[in-house]
Amino acid sequence: MVNYVDLILILLVALVLLACDIDFANCGGNLHMLDSVTTQDIIAGDVFFEVLDPAELEYTYRLRPAKDFGAPFNASFHFPRIALVPVVPFDACSRSAIKNGEDLEGNVALVERGDCSFLTKTINVERHGALAAIITESNTSEAEEDEYYIEMVHDNTGRDANIPAGFLIGINGRIILQTLKKMRRNYAIISIPVNLTFTPPHQINHPPWLGW
């Protein structure tokens with residue numbers, strides 16, 4: 001599902017950067033023209049986290065919280081340092097099939113989208129003690145889908161989860177997973193959530209492979 005608000009913001013930032021290239025003096029030698037796009041516009045109800053380790057992934061990442069299930073990412077959910085653990089198997093569609101349940105306990109689970117509902121995945125990792133679920137789409141077959149945020153909705157089964165869940169765009173999820181596999185690591189260390197309220201948009205340390 002295309003999020004048109006995100007696309008509009010990306011286009012606005014691209015136009016500002018293009019204007020700076022054409023007439024650098026109009027930007028005052030910096031990116032302060034981006035002040036027309038506020039951090040609050042970018043956040044728009046989303047949640048951010050930082051990877052602290054490994055160094056190759058030390059950027060700020062954006063999550064789209066689940067729309068109508070699970071707990072909120074509120075003031076009581078704050079972890080300056082916690083492990084982000086890819087679930088094995090990555091789809092987390094069967095609680096009994098999860099092989100690294102002990103590693104999930106007290107940490108944040110990284111899960112692949114598909115094969116079952118977002119809610120099912122969240123419930124399964126919660127039952128292994130995960131404190132939150134980050135769901136991504138690392139196996140997308142179409143590259144253009146990598147930059148789309150998915151609205152994670154309830155599956156109308158009468159169940160609910162008691163932990164927060166958020167969607168991480170595919171390109172971010174894929175690079176995080178590939179980097180951890182390359183380094184033979186079972187987890188990354190993250191800080192979640194990160195308060196960007198007073199951070200100017202051009203100072204957000206977003207991954208260099210993203211366009212916003």
Side-chain angles (χ1 to χ4, degrees), residues 1-7 10 44-49 51 57 59-73 77 82-101 103-104 107-157 159-181 186-188 190 192-193 206-207 209-212:
M1 181 182 298
V2 178
N3 188 298
Y4 292 100
V5 174
D6 287 336
L7 291 178
I10 291 171
D46 287 346
V47 174
F48 291 77
F49 70 92
V51 172
L57 297 171
Y59 301 106
T60 301
Y61 301 84
R62 180 178 186 174
L63 294 178
R64 178 65 43 82
K67 191 171 183 179
D68 54 5
F69 70 85
F73 288 95
F77 183 87
I82 191 171
L84 174 66
V85 182
V87 180
V88 182
F90 202 25
D91 62 13
C93 283
S94 169
R95 176 191 175 188
S96 60
I98 292 177
K99 299 177 181 179
N100 62 336
D103 296 333
L104 298 179
N107 294 311
V108 176
L110 181 63
V111 186
E112 173 72 279
R113 177 193 180 200
D115 296 330
C116 62
S117 70
F118 295 116
L119 177 59
T120 295
K121 296 172 186 292
T122 305
I123 290 175
N124 285 341
V125 299
E126 179 188 359
R127 289 175 175 171
H128 282 282
L131 301 183
I134 293 178
I135 300 174
T136 189
E137 190 170 19
S138 69
N139 289 327
T140 179
S141 59
E142 299 183 23
E144 61 268 23
E145 292 183 0
D146 280 353
E147 298 185 12
Y148 293 163
Y149 285 91
I150 304 297
E151 295 289 351
M152 302 199 311
V153 297
H154 202 289
D155 60 10
N156 297 317
T157 56
R159 305 172 299 162
D160 202 356
N162 300 303
I163 62 173
F167 185 82
L168 176 69
I169 58 174
I171 187 171
N172 285 343
R174 187 172 67 253
I175 290 177
I176 289 174
L177 186 66
Q178 289 176 349
T179 301
L180 292 178
K181 285 183 176 179
N186 296 325
Y187 62 91
I190 67 173
I192 185 172
H206 66 270
W209 50 84
L210 292 183
W212 61 275

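When each of Asn100, Asp103, Leu180 is paired with Pro86, the side chain to side chain contact (heavy atoms under 4.5 Å, CB included) condition holds for Leu180 and for no other.
Note on residues 85-94: pairs passing side chain to side chain donor-acceptor pair (under 3.5 Å), not counting sequence neighbours, are Ser94-Ser96.
Residues satisfying the ring pair (Phe, Tyr, Trp, His ring centres under 6.0 Å) criterion with Phe90, sequence neighbours excluded, are absent altogether. Checked against side-chain contact (heavy atoms from CB on, under 4.5 Å), Asp155 has the following partners two or more places apart in sequence or in another chain: Ser117, Leu119, Thr120, Thr157, Arg159. Here Phe73 pairs with Phe77 under the ring pair (Phe, Tyr, Trp, His ring centres under 6.0 Å) rule; sequence neighbours left out. Under the ring pair (Phe, Tyr, Trp, His ring centres under 6.0 Å) criterion, Phe49 pairs with Tyr61, sequence neighbours left out. Under the side chain to side chain donor-acceptor pair (under 3.5 Å) criterion, Asn162 pairs with Glu126, sequence neighbours left out. Among residues two or more places apart in sequence or in another chain, the side-chain contact (heavy atoms from CB on, under 4.5 Å) test is passed with Ala71 by Pro164. Shown here are the side-chain contact (heavy atoms from CB on, under 4.5 Å) partners of Ala109, two or more places apart in sequence or in another chain: Val87, Leu104, Val111, Val125, Ala130. Here Lys67 pairs with Glu151, Val153 under the side-chain contact (heavy atoms from CB on, under 4.5 Å) rule; sequence neighbours left out.
Two residues are said to be in side-chain contact when any heavy atoms from C-beta on lie closer than 4.5 Å; Thr122 and Phe69 meet this criterion. Using a 4.5 Å heavy-atom cutoff, the side chains of Asn172 and Pro207 are in contact. Between Val85 and Tyr187, the closest side-chain pair of non-hydrogen atoms falls below 4.5 Å. Using a 4.5 Å cut-off on side-chain heavy atoms (C-beta onward), Val108 and Ile134 make contact. Between Leu84 and Val51, the closest side-chain pair of non-hydrogen atoms is not below 4.5 Å. Leu63 has its side chain within reach of Ile192: a pair of non-hydrogen atoms, C-beta onward, lies under 4.5 Å apart.
Summarising the geometry, atom CD1 belonging to Ile176 is positioned 6.0 Å from atom CG belonging to Leu57; distances are rounded to the nearest 0.5 Å. With values rounded to the nearest 0.5 angstrom, Ile171 atom CD1 is found 12.5 Å from Glu137 atom CD. Here the CG atom belonging to Leu177 is positioned 6.5 Å from the CG atom belonging to Leu110, to the nearest 0.5 angstrom. Of the inter-residue distances, the one linking His206 atom NE2 with Arg62 atom CZ reads 11.5 Å to the nearest 0.5 angstrom. Annotation: the span from Ile175 atom CD1 to Thr136 atom OG1 amounts to 10.5 Å, rounded to 0.5 Å. Residue His128 holds its NE2 atom at 13.5 Å from CG of Asn107, rounded to the nearest 0.5 Å.
Distance alone, capped at 3.5 Å, places no donor-acceptor pair between the Asp46 side chain and the Arg64 backbone. At least one donor-acceptor pair closer than 3.5 Å links the side chain of Asn124 to the backbone N or O of Ala92.
Considering all non-hydrogen atoms of both residues, Pro89 and Lys99 come closest at CD-N, 4.3 Å.
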